[in-house]
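Below: one structure, written as structure tokens.
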2 protein chains.
Amino acid sequence: MDGSVRPARRLDPEARREQIVAAAVCYFAEVGLGGTTRDLARRAGITQALLYRYFASKDELVEAVYQRIFLGRLKPHWANELRDRSVPIESRMLRFYRDYATIFTYEWIRIFMWAGLAGQKLNQRYMGRVTTQLLGPLREEIAADGRYRAPAMEELWALHGGVVYLGIRRHIYRLPTPEDDGPVVEANVARFLAGLLSKKTPPDPIRRDMRPAERAEAPNGARRKCGAAKRAEARAGD
Amino acid sequence: MDGSVRPARRLDPEARREQIVAAAVCYFAEVGLGGTTRDLARRAGITQALLYRYFASKDELVEAVYQRIFLGRLKPHWANELRDRSVPIESRMLRFYRDYATIFTYEWIRIFMWAGLAGQKLNQRYMGRVTTQLLGPLREEIAADGRYRAPAMEELWALHGGVVYLGIRRHIYRLPTPEDDGPVVEANVARFLAGLLSKKTPPDPIRRDMRPAERAEAPNGARRKCGAAKRAEARAGD
DNA sequence: GTTTTTGCTGATCAGATGATCAACAAGGAA
DNA sequence: TTCCTTGTTGATCATCTGATCAGCAAAAAC
């Protein structure tokens with residue numbers, strides 16, 4: 001007996017579409033966006049042809065998966081709560097990061113990473129919002145507290161990356177990780193703030209010291225040059 | 001004129017194999033391990049058939065790419081230098097992480113991530129070595145210094161993740177990042193150590209509080225259950 | 001029960017992809 | 001020049017994959 005589910009009864013279109021998207025999120029998270037429509041259909045217990053009654057193309061289905069996974073993940077109230085100065089900054093940060101860590105589910109983190117590798121602009125938009133809505137306010141609030149020096153944005157990214165990395169180790173590299181993320185997040189936030197007590201100047205790189213975003217393809221269509229490409233080019237020149 | 005290189009002259013077998021692997025590292029880093037042999041050959045300026053004179057299968061070529069990228073990346077002298085107590089621990093950590101950050105090249109980080117998503121055991125082996133050869137000693141050395149409390153392994157992973165995350169933002173999400181990693185790494189290491197000065201107890205989760213490594217497939221061949229799969233299972237039961 | 005609607009399936013097509021092989025031709029040996 | 005070795009190629013095969021469509025059958029309408 002295989003894991004597939006055979007009897008696909010007649011279903012309400014809305015329910016069927018919902019079921020397909022849910023199965024697609026699960027399937028694509030595991031095998032990547034290059035997974036086949038046949039495998040997906042088998043897991044969902046339907047025929048491959050049925051997918052095309054609900055989605056015009058595989059791309060459209062993938063788009064629905066993106067919507068399902070990423071839409072509304074950044075809660076607007078996070079930014080508000082981060083700015084609520086009636087609460088100590090330590091409590092605000094702890095509360096936020098404990099909450100934020102919960103979005104790093106198996107499906108979210110893997111699909112997000114696959115989308116990033118595939119060059120989806122979606123990731124850049126999301127990360128941009130993290131900067132403006134979360135890390136920016138966070139920096140201001142920490143500085144406004146008075147006891148801490150203002151962290152450089154890169155330092156906030158490092159804190160952020162530490163939390164994300166826990167999800168990467170767990171769901172991408174499939175390594176053993178703590179059963180409960182809470183204490184880990186708490187320790188990291190507390191240590192981060194404690195590290196800001198020493199008043200050394202924050203080394204925030206200014207804009208001209210930033211390397212621009214890499215592009216998947218240069219404007220002229222040329223690709224990133226690796227060693228081999230460079231050598232081939234040189235060879236073509238003689 | 002396209003970017004491909006037409007005249008592929010007769011080459012010494014060793015040189016040709018080298019050229020193919022180099023081109024494959026570049027190509028697979030960009031498009032993923034699902035890239036086609038035809039595209040790869042076009043970029044390398046050779047015919048697709050020629051690949052199969054040097055590699056029995058695409059899998060074997062991918063294996064060669066793994067070897068090229070990951071073999072010997074963890075320098076043995078890192079562990080030695082980390083343990084050299086004639087040098088202040090701050091200097092040792094700074095030197096190590098400045099050096100370590102250089103391995104996060106475009107090719108390395110992308111192929112490593114793709115391999116991880118694909119469930120390669122390679123990643124787990126590598127991460128295991130990071131634990132035993134780098135983070136373990138690091139923890140001991142920090143504690144041995146006397147001025148700092150011993151960091152929990154999860155705290156060291158957070159520091160580590162912060163550095164890795166810089167590479168992820170740059171090469172996977174293709175976001176703007178600092179031109180020079182040095183100051184960023186230095187700030188993070190310094191803040192990490194400063195954060196260990198406050199003597200609060202380290203919350204190291206003990207083994208029974210760790211969730212085991214996730215498996216791509218359960219022993220019985222069953223897959224990870226997402227919402228859709230669970231629902232389908234329930235439906236099959238009536 | 002009969003008719004109508006429509007959710008669903010099996011068959012099928014065109015293009016892509018990994019892999020194979022006979023034949024060609026570049027470069028050295030005679 | 002002539003011969004021989006072998007690096008390289010174009011053609012080709014079997015399979016896989018996204019996508020289409022006529023027709024079946026389950027549920028609703030009558």
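Since we're looking at a predicted model, the values are computed, not measured. The chains referred to below are lettered A, B, ... by the order of the sequence lines, with proteins before strands, and numbering in each begins at 1.
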Interatomic distance, [X] [atom1] vs [N] [atom2] [rounded to whole Å]:
| X | N | atom1 | atom2 | value |
| --- | --- | --- | --- | --- |
| B/Arg17 | D/dG7 | CZ | C1' | 16 Å |
| A/Leu11 | C/dT5 | CG | C1' | 17 Å |
| B/Ile20 | D/dT8 | CD1 | C1' | 11 Å |
| B/Arg10 | C/dA26 | CZ | C1' | 4 Å |
| B/Leu51 | D/dG10 | CG | P | 14 Å |
| A/Arg42 | D/dG18 | CZ | P | 12 Å |
| A/Arg53 | D/dA25 | CZ | C1' | 13 Å |
| A/Leu50 | C/dG7 | CG | P | 10 Å |

(request) Take A/Phe70 and A/Trp108 through the side-chain contact (heavy atoms from CB on, under 4.5 Å) test and state the conclusion after the steps. (result) CA-CA 8 Å; A/Phe70 297 119; A/Trp108 190 94; 3.4 Å; yes
Lys/Arg N to Asp/Glu carboxylate O, [X] vs [Y], below 4.0 Å:
| X | Y | result |
| --- | --- | --- |
| B/Arg95 | B/Glu186 | no |
| A/Glu154 | B/Arg169 | yes |
| A/Glu214 | B/Arg170 | no |

(message) Can you tell me if B/Arg16 touches the phosphate of D/dT8, counting only side-chain N or O atoms and a distance under 4.0 Å to OP1 or OP2?
(response) yes
(message) Strictly under 4.0 angstrom, non-hydrogen atoms only: write out the protein contact profile of nucleotides 12-23 of chain C, one letter per nucleotide from the 5' end, B, S or -.
(response) -----BBBBB--
(request) Assess whether one donor atom and one acceptor atom, taken from the side chain of B/Arg9 and the base of D/dT8, lie less than 3.5 Å apart. (result) no
(message) Do B/Val189 and B/Phe96 have side chains that approach each other closer than 4.5 Å (heavy atoms only, starting at C-beta)?
(response) no
(request) Look at the rings of B/Tyr100 and B/His160 and say which category their plane angle falls in: under 30° parallel, 30 to 60° tilted, over 60° perpendicular. (result) tilted
(message) Classify A/Tyr54 by what it touches in the nucleic acid, base, sugar-phosphate, or nothing, heavy-atom distance under 4.0 Å.
(response) sugar-phosphate
(message) For a salt bridge (charged side-chain N to carboxylate O under 4.0 Å, His left out) check, start with the C-alpha distance between B/Glu107 and B/Arg68, then their side-chain angles and the critical distance, and finish with the verdict.
(response) CA-CA 11 Å; B/Glu107 290 80 19; B/Arg68 166 66 52 93; over 6 Å; no
